[in-house]
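Data first, discussion second: the structure below is written as structure tokens.
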Amino acid sequence: MPGPAAANGQDTVTWIVERFEPYYILDGKLKGQGAADHLVELVRHELPDMRHRVEFMPILRIRESLKAREHAVCISFLKDRSLADSVQYSVATMLVPALEVTLRRDDWQRLWGGAPVLSLASLMNGGAVVGVADGRRYSTSLDALLTDRLRFPKSVYARVGDHYMGLAEMVAHRHIDATIGYAAELRYAQKIAGDLDGLVSLPLSENLQPLYAYTIIPKGPWGDRFRARIDPILRRLRATPAYRQAMIDWFGESASWDREYRERLEAGRMDAQSAGF
């Protein structure tokens, strides 16, 4: 990892990317076209005096880097109390729709009458087997249901491997009945795999609140300087069509998302260090 300055005197920042499509797309025909990929490019353009690196890191390496106060940041991080002693956060960067349930369209219509919102508890009470990615945390409310083995002893299948994409394929092939992910994950999977068009993504009544992401920045003098630079840039960019479009391209646009974006994210109501937990 470079020190505080590159050999030519430029301050250096490493932009951390994750293998989490479609927030970051690391390979294939859509490489670099993820929602967070575009936001990083917009911000980098506003910091021409800095030397920029992009580096893939798995989540454990990200945490280690931040704790070590390396000059690395990630623009799409959900706030984490366990890192409070090591990190600080920029103003809010992304408005992420809540996790949803992915299931077959014919089951949705036949078993649930095409209801606009479903209940995870009702699905599992009805005998549905829900596939989850081993080690992935979904949300407090959803995890409480997914880990309740007394109430749902045979309703959860845990998969190790390629996470959402593999689970969506299992739903399409009728090996399991449903999985959980962002609607954007299904949108990406359907662009990549041709056999997933029969799947739909529906909101879950237990988990309707959207999420806010932030740039996670190490504490310390370098992090303080970087945050002082990036915050005003983000406040200005959030009001631009290009910034919003980076999210809309993958999240879709709805009246509720647009209202939440304008009234909370763009207006700065989620910018305090205490917000978003």
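Values below: all heavy atoms of this structure, side chains included; hydrogens, waters and symmetry mates excluded. The model shown is predicted, which means the values in this text are computed figures rather than measured ones.
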Could you work out, with ring pair (Phe, Tyr, Trp, His ring centres under 6.0 Å) as the rule, every residue matching F152, not counting sequence neighbours? none
Is a donor on one side and an acceptor on the other found under 3.5 Å between the side chain of [X] and the backbone of [Y]?
X    : Y    : answer
D177 : V129 : yes
N207 : L142 : no
W257 : L95  : yes
N125 : A121 : yes
Q88  : P218 : yes

Could R229 and D49 be called an ion pair, given the rule that one side-chain N must be under 4.0 Å from one carboxylate O? yes
Does the pair E64/K67 count as a salt bridge with the N-to-O cut at 4.0 Å? no
Taking the side chain as C-beta and beyond, is there a heavy-atom pair between [X] and [Y] under 4.5 Å?
X    : Y    : value
T12  : M50  : no
L186 : L199 : yes
V132 : T179 : no
F56  : P58  : yes
E21  : L26  : no
I217 : I230 : yes
K29  : I192 : yes
T215 : R227 : no

Any chance you could lay out the salt bridge (charged side-chain N to carboxylate O under 4.0 Å, His left out) test for K219 and D85, step after step, and finish with the verdict? CA-CA 8 Å; K219 284 186 175 179; D85 292 338; 5.4 Å; no
When you measure from the centre of the six-membered ring of Y212, is the NZ or CZ of K79 closer than 6.0 Å and no more than 45° off the axis? no
Could you tell me if R244 sits above the aromatic ring of Y261, with its cationic atom closer than 6.0 Å to the ring centre and no more than 45 degrees from the axis? yes
Rounded at 0.5 Å granularity, tell me how far [atom1] in [X] sits from [atom2] in [Y].
X    : Y    : atom1 : atom2 : answer
R44  : L39  : CZ    : CG    : 13.0 Å
T240 : R236 : OG1   : CZ    : 8.5 Å
L234 : E46  : CG    : CD    : 9.5 Å
S139 : L78  : OG    : CG    : 11.5 Å
S90  : I75  : OG    : CD1   : 7.0 Å
Q273 : Y214 : CD    : OH    : 9.0 Å

Would you tell me whether [X] and [Y] have side-chain atoms, one donor and one acceptor, within less than 3.5 Å of each other?
X    : Y    : result
R63  : S82  : yes
S141 : E206 : no
D37  : Q33  : no
E70  : S65  : yes

With ring-ring contact (aromatic ring centres under 6.0 Å, His included) as the test, pick out the partner of Y182 among Y188, Y23, Y138. Y23
Give the minimum heavy-atom separation between [X] and [Y], together with the two atoms involved.
X    : Y    : answer
A115 : L202 : O-CD1, 3.9 Å
L204 : E100 : CD1-C, 4.1 Å
I62  : E18  : CD1-CG, 3.7 Å
P203 : P116 : CD-O, 3.2 Å
L167 : A133 : CD1-N, 3.6 Å
L42  : Y243 : CD1-CA, 3.8 Å

Let me check something: do V117 and L103 share a hydrophobic cluster, defined by ILVMFWY side-chain heavy atoms less than 4.5 Å apart, either directly or through other members? no
Is there a path of hydrophobic side-chain contacts, each under 4.5 Å between heavy atoms of I, L, V, M, F, W or Y residues, that connects V96 with L208? no
Checking T93 against R238 for the side-chain contact (heavy atoms from CB on, under 4.5 Å) test, could you report, in this order, the C-alpha distance in whole Å, the side-chain angles of both residues, the deciding distance, and whether it holds? CA-CA 8 Å; T93 58; R238 289 184 313 198; over 6 Å; no
Residues 131-155 vs salt bridge (charged side-chain N to carboxylate O under 4.0 Å, His left out), sequence neighbours excluded, gives R136-E185
Count the heavy atoms belonging to other residues, nucleotides or ligands that lie under 6.0 Å from NE2 of H45, then report whether that count exceeds 12. no
Run the numbers on C74 and Y24 for side-chain contact (heavy atoms from CB on, under 4.5 Å), then give the verdict. CA-CA 11 Å; C74 182; Y24 301 96; 3.6 Å; yes
Steps toward side-chain contact (heavy atoms from CB on, under 4.5 Å) verdict (V73, I16): CA-CA 6 Å; V73 302; I16 299 169; over 6 Å; no
Fit a plane to each ring of W222 and H71, take the angle between them on a 0 to 90° scale, and name the class: parallel (under 30°), tilted (30 to 60°) or perpendicular (over 60°). parallel
Output, in order, the C-alpha distance, side-chain angles, deciding distance and verdict of side-chain contact (heavy atoms from CB on, under 4.5 Å) for R174 and R104. CA-CA 9 Å; R174 300 186 179 274; R104 294 178 290 273; 3.0 Å; yes
